[in-house]
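Please read all numbers here as calculations on a predicted model, not as lab measurements. Excluded from the calculations below are hydrogen atoms, water molecules and symmetry mates; all remaining heavy atoms, backbone and side chain alike, are included.
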Amino acid sequence: MPQTAQPESSRSISGSAARTPRLWAVVLAACAGQFLVVLDVSVVNVALPSMRATLSLSETGLQWVVNAYTLTFSGLMLLGGRAADLFGRKRVFLAGLALFTAASLAGGLAQEPWQLLAARGIQGMGAAILAPATLTLLTTSVPEGPARTKAIATWSAVGAGGGAAGGLVGGVLTDAFSWRWVLLINVPVGVLVLVAAAVWLTESREESVRRLDVPGALLVTLGLGAVAYGIVRTDSAGWTAPSALGPLGGGLAMLALFVAVEARSREPLVPLRLFRSRAVSSANVAIFINGLAMFAMWYFLSLYTQNVLHYTPLQAGFALIPHSLTIVLGSKIAPFLMARMGDRYLAVTGAAMAGLGYLWQGSMGADGAYVTTLLGPGVLMALGAGLAATPLATIATATDDPGEAGLLSGLFGTGRTMGGALGLAVLSTVAAARTDGAEDPASLAAGYGMAFYAGAVLLGACVLFMLVALPRTVREQA
């Protein structure tokens, strides 16, 4: 691809950015990084039963294999986005990828549950540093207009494909080798991307950003973690127990303190003025609500295929291939549909389609047939998720100020991943309440189905919200 002039929106950045980056290298590096961090949200799902058997993990421990990653990922992503603007997008991209790769190695070699959970938490930290830089590289390097929309669509498709392909990758590796390879596989891939990015990418940063709001980052991370832990505790202790109410109350207090700190800080992690923008506030709320429902889909489908239908990890991975292909297809055709339907109506259509799929999936039983129990509802859910992702990302990250690019990317990623972490905690509690401790296939299917029904309600609420709140175009701010 021939080199393209640096877009107007990124001319205020400095460093070695005077040398125009190869756009193909930027897109490739951004998509590779995004694929890795999103893959690791879902790749462990198929391996969870094997992890439980090897390390004697409890049911709550299984949730935290996922949540230790997603909570540190979502809680620190705002800090990662700001760090990319301050220290340089290339430098932060490389640092995040190196930390993510090292933690993957540690997790794959874990011998005790706490070692695995600690490694997953550090993986999440690396992902939080890496992920915002991937989107910021695109929004500051690719000119605004159709080219940027296509680049974001490719980034969304690769991210969606990473989440969807996790089931297949996890199944193949767990069956052929062991669950450890769902983490160890990141090491050679991470090293390869690290070397390629170091050679191909050029540095850029924002002169106006001078420092990081570390207190704000700690408060939001600890607050989210405490809220999620309190929700998980309701599974065994109930909603009125002090062991659940304490973390919930403490987490909400820390989140309230976070808002107060941001309001008084000279350089806040999240300038509250951003939420005066209708595009930013509504798109981030929408992606948060979507995340509450969407993320848990892969978790419950992986458990359903193995615990109820008695698929092997490899069979479970292959069973979810159509889901993977469909979500990528939805993300790739989104720019074509956005030009004809508009961003808002495509996001609404996608969420509504996914909600219908959730209703269908909720009817799953202990002896469900593949076509009607997994394929049909799964394709509907995945296509809706793919169609909704690109317009929401486009609306949420549209800005004329290059100094806000990393922040908006981090804010969008935080809303999506935070919603996923809290949604998994809530929907797992819903499923556990329905099964009431029973582990026979019929009871488990009923519990998983109830979680999907709850997800359908969330997506229905999101559709109504987007119809009212989303702007008609990304330029409509109020």
Side-chain angles (χ1 to χ4, degrees), residues 34 38 41-42 135 149-165 279-280 282-298 301 320 322-362 375-398 412-413 415-417 419-420 423 452-474 476:
Q34 176 72 354
V38 177
V41 175
S42 63
L135 184 53
T149 299
K150 289 179 181 178
I152 291 176
T154 301
W155 177 87
S156 297
V158 168
V280 170
S282 61
N284 277 283
V285 171
I287 200 62
F288 174 79
I289 302 173
N290 265 284
L292 286 171
M294 295 290 195
F295 175 76
M297 174 177 73
W298 306 107
L301 287 180
L320 299 180
H323 304 56
S324 307
L325 297 177
T326 305
I327 201 168
V328 172
L329 174 65
S331 298
K332 288 301 291 180
I333 65 175
F336 174 82
L337 296 175
M338 286 165 62
R340 287 151 182 80
M341 298 175 59
D343 303 344
R344 179 175 64 163
Y345 289 119
L346 183 58
V348 167
T349 300
M353 187 179 296
L356 292 175
Y358 267 65
L359 283 175
W360 187 356
Q361 190 69 68
L375 182 61
V379 166
L380 197 59
M381 290 186 291
L383 182 59
L387 290 176
T390 299
L392 287 176
T394 301
I395 295 171
T397 58
F412 177 79
R416 179 174 57 184
T417 313
F452 277 102
Y453 283 138
V457 172
L458 290 170
L459 288 170
C462 189
V463 166
L464 295 176
F465 171 80
M466 290 191 293
L467 280 172
V468 174
L470 284 182
R472 294 181 183 274
T473 69
V474 296
E476 183 183 336

Only pairs under 3.5 Å count here: list side-chain donor-acceptor contacts from residues 377-389, not counting sequence neighbours, and write none if there are none.
none

Minimal heavy-atom distance between Leu346 and Ala334, with the atoms involved, is CD2-O, 3.4 Å

Side chain to side chain contact (heavy atoms under 4.5 Å, CB included) filter on Ala352, not counting sequence neighbours, yields Val463

CG (Asn284) and CD1 (Ile289) are apart, to the nearest 0.5 Å, by 11.0 Å

Between Leu470 and Ser282, the two heavy atoms sitting closest are CD2-OG, 3.4 Å

Sorted by chain and number, sequence neighbours left out, side chain to side chain contact (heavy atoms under 4.5 Å, CB included) with Leu459 holds for Asn290, Ala293, Met294, Ala354, Tyr358

In this structure, CE of Met297 is separated from NE2 of His323 (nearest 0.5 Å) by 6.5 Å

The reported gap from CG in Asp343 to OG1 in Thr394 (rounded to nearest 0.5 angstrom) is 6.0 Å

Output for pair (Leu292 CG, Leu458 CG), nearest 0.5 Å, gives 5.5 Å

Between Leu467 and Arg344 the two heavy atoms that sit nearest each other are O-NH1, 3.1 Å

